There are 2 protein chains.
Amino acid sequence: MPTPHYGTPRYRVIANELKERIESGVIPPGALLPAESVLTAEFRVSRGTIRQAVAVLREAGLVATEHGRGTYASPRPQGSRVARPSRSETGHREIAADPELAALFAVEVGAALLEQQSISRTHEAVVAVVRTYRLPRPSQ
Amino acid sequence: MPTPHYGTPRYRVIANELKERIESGVIPPGALLPAESVLTAEFRVSRGTIRQAVAVLREAGLVATEHGRGTYASPRPQGSRVARPSRSETGHREIAADPELAALFAVEVGAALLEQQSISRTHEAVVAVVRTYRLPRPSQ
DNA sequence: AGAAATTTGTCCGTATGTATC
DNA sequence: AGATACATACGGACAAATTTC
């Protein structure tokens with residue numbers, strides 16, 4: 001079979017599995033993940049797919065990779081009972097306009113807006129969170 | 001020729017070039033970037049390399065990609081300090097932390113946060129609304 | 001110190017799936 | 001339905017950083 005991909009892409013399935021292992025402690029904080037070559041053997045996928053999966057975790061801040069060394073599980077934010085930020089340092093998502101934003105942008109309440117969020121930290125502590133709202137790509 | 005690559009990787013060179021075009025206005029905000037196949041021809045690299053370059057821009061928030069449509073230049077790169085806030089368009093107030101902000105700032109849900117809002121307009125139309133959240137002045 | 005092995009980084013070419021026009 | 005465009009996946013090759021012997 002060449003490469004069918006229905007449903008969830010394999011790299012996401014693998015990313016979820018690895019995430020599971022990190023959060024459950026199977027791969028403890030600070031530990032090295034198995035090498036890409038090992039993961040390709042375990043999941044029976046190509047190296048590119050593994051790298052894509054690891055890239056997902058890296059963007060989520062769960063791991064950090066070093067050239068020639070390997071990929072480390074990130075040390076836990078020691079708050080430990082504080083929920084993990086569900087998003088990385090910067091990201092965008094679509095949100096529904098609250099009444100104030102709706103009025104400003106002259107759209108219906110609940111209309112889709114683009115929110116870009118960026119987080120400023122010093123060391124670990126969050127200093128500021130900036131959310132920028134815009135209209136979805138300008139209708140021409 | 002196999003694939004020599006010294007110095008800056010090609011995908012970064014290409015990302016910088018595209019970034020240049022977006023910030024200089026050669027590719028105006030909201031416009032479609034050339035298709036991956038076109039960029040492949042222009043830069044004479046494989047599609048994978050082009051996708052890697054575009055991924056850099058996407059993470060930086062300079063572009064957004066839609067399946068089957070193409071990649072759009074974002075309305076507003078963050079670098080350019082555009083329009084005067086024209087004053088009076090900004091204000092601050094105290095708000096209650098929603099779960100996401102609470103997690104980021106490591107405070108209780110509902111705790112007081114400072115929100116500063118500024119509104120950018122061109123002519124009359126609202127272009128963007130920026131909300132910055134911070135912890136209240138520490139009493140110390 | 002040096003060579004080899006390991007591991008991640010970059011790049012290519014190809015094939016096929018899926019969404020949009 | 002056909003054409004276009006992005007998404008996923010494979011396999012191979014070589015480069016560069018690190019560790020090991």
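In this text, all values refer to a predicted model and were calculated from it rather than measured experimentally. In the text below, chain A, chain B and the rest are named by the order of the sequence lines, each starting its count at 1.
Neither OP1 nor OP2 of C/dT8 sits under 4.0 Å from any side-chain N or O of A/R51. Residue A/Y11 has no polar side-chain atom (N or O) positioned under 4.0 Å from OP1 or OP2 of D/dA9. A sub-4.0 Å separation between OP1 or OP2 of C/dG9 and a side-chain N or O of A/T65 is absent. Proximity of B/R10 to the phosphate of C/dC12: a side-chain N or O atom is located under 4.0 Å from OP1 or OP2.
Residue A/V38 shares its hydrophobic cluster (ILVMFWY side chains chained together at separations under 4.5 Å) with no other residue.
The base of D/dG12 is not paired with the side chain of A/R47 by any donor and acceptor separated by under 3.5 Å.
Taking every side-chain heavy atom of A/H67 into account, D/dA15 is the closest of D/dT8, D/dA15, D/dC6. The listed nucleotides are C/dC11, D/dC10, C/dT8; the one nearest the side chain of A/V45 is D/dC10. Distance from the side chain of A/E36 is smallest for C/dT8 among the nucleotides D/dC6, C/dT10, C/dT8.
The nearest pair of heavy atoms linking B/L57 to B/A15 is CD2-O, 3.6 Å. B/A64 approaches B/S74 most closely through the heavy-atom pair N-OG, 4.2 Å. The minimum heavy-atom distance between B/R10 and B/T49, with the atom names listed, is CB-CG2, 4.3 Å. The two residues A/R58 and A/T65 come nearest to each other via the heavy atoms NH1-OG1, 2.7 Å.
Taking atom CG of residue B/L32 and atom C1' of nucleotide D/dT4, one finds them 12 Å apart after rounding to whole Å. The nearest whole Å value for the distance from the CD1 atom in A/I50 to the C1' atom in D/dC10 is 13 Å. Atom P of nucleotide C/dT10 and atom CD1 of B/I14 are separated by 13 Å, given to the nearest angstrom. Rounded to an integer number of Å, the gap from A/R12 CZ to C/dT18 P is 16 Å. Rounded to a whole Å, the CD atom of A/E66 is 14 Å from the C1' atom of D/dA16.
B/L18 is listed as a side-chain neighbour of B/L39, based on a closest heavy-atom distance under 4.5 Å.
Applying the side chain to side chain contact (heavy atoms under 4.5 Å, CB included) criterion to A/A31, with sequence neighbours excluded, gives A/I27, A/P28. Annotation: side chain to side chain donor-acceptor pair (under 3.5 Å) contacts of A/R12 (sequence neighbours excluded): none.
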Identify the pairs formed between an N or O of the protein and an N or O of nucleotides 19-21 of chain D at a distance under 3.5 Å, and give each distance.
{"from": "D/dT19", "atom 1": "OP1", "to": "A/R69", "atom 2": "NH1", "distance (Å)": "2.8"}
{"from": "D/dT19", "atom 1": "OP1", "to": "A/R69", "atom 2": "NH2", "distance (Å)": "3.0"}

Check nucleotides 1-4 of chain C against the protein and report each pair of N or O atoms closer than 3.5 Å, with its distance, or say if there are none.
none

Derivation and outcome, side chain to side chain contact (heavy atoms under 4.5 Å, CB included), residues A/V54 and A/E36: CA-CA 9 Å; A/V54 172; A/E36 293 172 353; 5.6 Å; no
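One finds a salt bridge joining B/E42 and B/R21 here, because a Lys/Arg side-chain nitrogen approaches an Asp/Glu carboxylate oxygen to under 4.0 Å.
Put simply, OG1 on A/T40 and CD1 on A/I50 are 6.5 Å apart, with the number rounded to the nearest 0.5 Å.
One hydrophobic cluster holds both A/L62 and A/F43 under the rule that ILVMFWY side chains link at heavy-atom gaps under 4.5 Å.
Between B/G70 and A/T49, it is B/G70 whose nearest contact on DNA chain D lies nearer the 5' terminus.
Across the helix from C/dG2-D/dC21 to C/dC21-D/dG2, the helix axis at one end is tilted relative to the axis at the other end by 10° (nearest 10 degrees, each axis from five pairs).
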